[in-house]
Amino acid sequence: MKAVFIVFSPSGHTLTAARKFMHLLEDNGISCHMINITKNDKYLQDFTITKTLVNDLGEHHLLIPCAPVYAGHCEQNMLRIIRALAREKEKQIPAIPLVTYGGVHSSVALEEMGKALNDRGYIPIMGIKIAAEHTLTATFKKQINPGLPGKVEDQILAEAAEITEKVLNDKIAMVNVGKKLAYAPFLKRIMFRSFSQEKIHRKYKKVTINAEKCIGCERCVAACPVNMFAHIDNTIQTVRDNKYCILCAECYHHCPVKAIVHPYIEVARKRLSDGFAELENPQSGIYR
């Protein structure tokens with residue numbers, strides 16, 4: 001049995017959760033392979049993603065896409081990858097969408113992933129949500145979920161690994177749980193159908209570099225998960241259209257001289273009540 005993880009992890013927390021889950025599956029006798037699309041131009045800019053996915057996935061018996069939640073949605077780069085998967089309707093391959101989020105709300109992210117997987121012929125057998133440290137709130141009065149994922153999330157991933165092993169070895173039936181992933185309140189689900197991640201964030205995608213402050217350390221270049229920046233002619237320059245910016249604020253938080261001008265920081269501070277926003281309950285869990 002071979003499981004393939006597809007991971008997009010701007011701040012590293014999704015990758016941490018994915019690696020923990022992968023090691024648990026391996027302990028249960030399942031062979032695992034990981035495709036990390038973070039900073040990977042082959043997936044971020046390639047116009048033949050479907051062919052690339054076919055080559056990199058190979059024969060597999062389980063698919064586990066892992067992504068953060070942004071503005072209540074599954075991060076758009078992961079959704080784009082899922083929608084580019086070759087159709088597998090005849091093979092009936094099980095899938096487990098996994099999201100990490102800052103605890104405020106996971107909203108429609110798992111539902112979106114489940115629908116996109118179903119459309120490609122995969123069968124979502126469970127959904128996993130994992131509370132994680134919210135990097136965007138690092139400068140707020142209260143950071144959301146510092147140090148997570150932790151012990152509670154480890155227990156949830158261990159339970160999910162046991163269930164996965166039983167499904168793959170036909171010890172329990174494989175059931176499509178797509179409807180279980182639509183757990184967000186009805187009105188919120190309707191709202192997010194009208195307001196995509198891009199619609200919510202579009203007007204704030206004006207991240208720039210203050211050239212007078214910039215010292216050319218390239219930390220923003222290294223931190224950006226979608227390769228927005230490059231060191232050219234002894235200066236740090238924006239090399240991709242702002243529409244590709246995901247407003248993760250990794251560049252902002254890694255800059256040692258505060259040369260990044262990030263319009264969304266103060267907006268997020270207000271939306272998240274400076275870190276004191278009410279958090280989803282339970283924060284982490286399995287949907288089956």
Side-chain angles (χ1 to χ4, degrees), residues 3-26 32-40 43-44 53 56 62-82 95-114 116-117 124 126-138 143-158 160-161 164 181 197 201 222-227 244-251 253-254 268 279-280 283-287:
V4 177
F5 286 73
I6 303 178
V7 182
F8 183 62
S9 183
S11 62
H13 303 122
T14 305
L15 182 60
T16 295
R19 283 175 172 163
K20 287 183 176 184
F21 193 30
M22 184 175 74
H23 294 325
L24 288 163
L25 291 181
E26 290 174 335
C32 294
H33 172 62
M34 181 178 289
I35 300 171
N36 190 345
I37 70 169
T38 317
K39 294 189 72 66
N40 190 337
Y43 285 102
L44 296 175
L53 279 167
D56 288 355
L62 173 66
L63 184 68
I64 307 172
C66 308
V69 177
Y70 280 10
H73 293 276
C74 170
E75 205 292 314
Q76 59 189 356
N77 282 291
M78 179 55 67
L79 275 183
R80 181 173 55 83
I81 293 296
I82 294 174
I96 302 174
L98 182 154
V99 296
T100 63
Y101 70 114
V104 181
H105 54 77
S106 56
S107 200
V108 297
L110 283 176
E111 180 183 5
E112 289 175 329
M113 294 173 82
L117 288 163
M126 76 177 88
I128 305 172
K129 66 176 184 181
I130 297 294
E133 184 174 317
H134 201 333
T135 304
L136 189 65
T137 66
Q143 183 167 10
I144 295 176
N145 289 337
L148 294 187
K151 292 182 178 179
V152 170
E153 289 69 37
D154 289 349
Q155 292 173 354
I156 287 169
L157 291 172
T164 302
L181 304 182
Q197 179 194 337
H201 282 166
C224 180
V226 292
N227 300 330
Y244 294 106
C245 175
I246 62 173
L247 295 178
C248 63
E250 290 300 312
C251 59
H253 290 299
H254 279 81
L279 306 183
E280 186 169 279
Q283 287 187 278
S284 302
I286 298 172
Y287 292 91

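Side chains included, hydrogens not; waters and symmetry mates left out as well; all remaining heavy atoms used. Quick caveat: nothing in here was measured; it's all calculated off a predicted structure.
- I96 places none of its side-chain heavy atoms less than 4.5 Å from the side chain of P124.
- Residue I64 holds its CD1 atom at 7.0 Å from CD1 of I128, rounded to the nearest 0.5 Å.
- The closest donor-acceptor contact from the side chain of E153 to the backbone of G150 lies under 3.5 Å.
- Partners of H201 by ring pair (Phe, Tyr, Trp, His ring centres under 6.0 Å), not counting sequence neighbours, listed by chain and number: Y264.
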### Message
Quick one, E280 with S106, criterion side-chain contact (heavy atoms from CB on, under 4.5 Å). Give me CA distance, side-chain angles, the key distance, then yes/no.
### Response
CA-CA 8 Å; E280 186 169 279; S106 56; 2.7 Å; yes

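- With rounding to the nearest 0.5 Å, the separation of NE2 in H23 from CG in L157 is 11.5 Å.
- Counting only distance, with no hydrogens or angles, the side chain of E133 and the backbone of I144 share no donor-acceptor pair below 3.5 Å.
- Atom CD1 of I286 and atom CD of Q155 lie 11.0 Å apart (nearest 0.5 Å).
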### Residue pair T14, T100: steps toward the side chain to side chain donor-acceptor pair (under 3.5 Å) verdict
CA-CA 6 Å; T14 305; T100 63; 2.6 Å; yes

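- N227 places a side-chain N or O within donor-acceptor distance of the main-chain N or O of K39, the cut-off being under 3.5 Å.
- Among the candidates L98, L15, N36, the single residue satisfying the side chain to side chain contact (heavy atoms under 4.5 Å, CB included) test with C66 is L98.
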### Task
Give the intermediate values and the outcome of side-chain contact (heavy atoms from CB on, under 4.5 Å) for residues E250 and C224.
CA-CA 6 Å; E250 290 300 312; C224 180; over 6 Å; no

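- The structure places CD of E111 at 11.5 Å from OH of Y287, a figure rounded to the nearest 0.5 Å.
- For the residue pair Y43/D56, the side-chain donor-acceptor check at 3.5 Å is satisfied.
- Residue Q283 comes nearest to N145 through the heavy atom pair NE2-ND2, 3.0 Å, listed as atom of the first residue, atom of the second, then distance.
- Summarising the geometry of V69 relative to H105, their closest heavy-atom pair is CG1-O, 3.8 Å, with the distance given to 0.1 Å.
- Looking at L62 and T164, their side chains come closer than 4.5 Å, going by heavy atoms from C-beta outward.
- Closest approach of P149 to K20, counting heavy atoms only: O-NZ, 3.8 Å.
- Rounding to the nearest 0.5 angstrom, the gap separating the CE atom in M113 from the CG atom in L181 is 9.5 Å.
- Across all non-hydrogen atoms, the minimal contact from I37 to N77 is CD1-O, 4.3 Å.
- Within the 3.5 Å criterion, the main-chain N or O of E75 finds no donor-acceptor partner in the side chain of R80.
- No side-chain donor-acceptor contact under 3.5 Å links H13 to the backbone of L148.
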### Task
Check the pair I130, I156 against side-chain contact (heavy atoms from CB on, under 4.5 Å), reporting the backbone distance first and the verdict last.
CA-CA 8 Å; I130 297 294; I156 287 169; 4.3 Å; yes

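- Residues C248 and S11 have side chains not in contact (no heavy-atom distance under 4.5 Å, counting atoms from C-beta outward).
- Residues Y70 and P10 form a side-chain contact, since some pair of their non-hydrogen atoms from C-beta on lies under 4.5 Å apart.
- With no hydrogens or angles considered, no side-chain donor-acceptor pair links Q143 and H134 at under 3.5 Å.
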### Message
Please evaluate residues M34 and V4 with respect to the criterion side-chain contact (heavy atoms from CB on, under 4.5 Å), reporting the C-alpha separation (whole Å), side-chain torsions for both, the decisive distance (0.1 Å), and the verdict.
### Response
CA-CA 6 Å; M34 181 178 289; V4 177; over 6 Å; no

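- Between L110 and G127, the shortest heavy-atom distance links the atoms CD1-C, 4.1 Å.
- The shortest non-hydrogen separation linking A95 to L117 is CB-CD1, 3.9 Å.
- The closest side-chain heavy-atom distance from I246 to P225 is below 4.5 Å.
- Side chain of S284 to main chain of A131: a donor-acceptor pair is present (N/O by atom type, distance under 3.5 Å, no hydrogens or angles).
- Considering only heavy atoms from C-beta on, H33 stays 4.5 Å or farther from F5 through its side chain.
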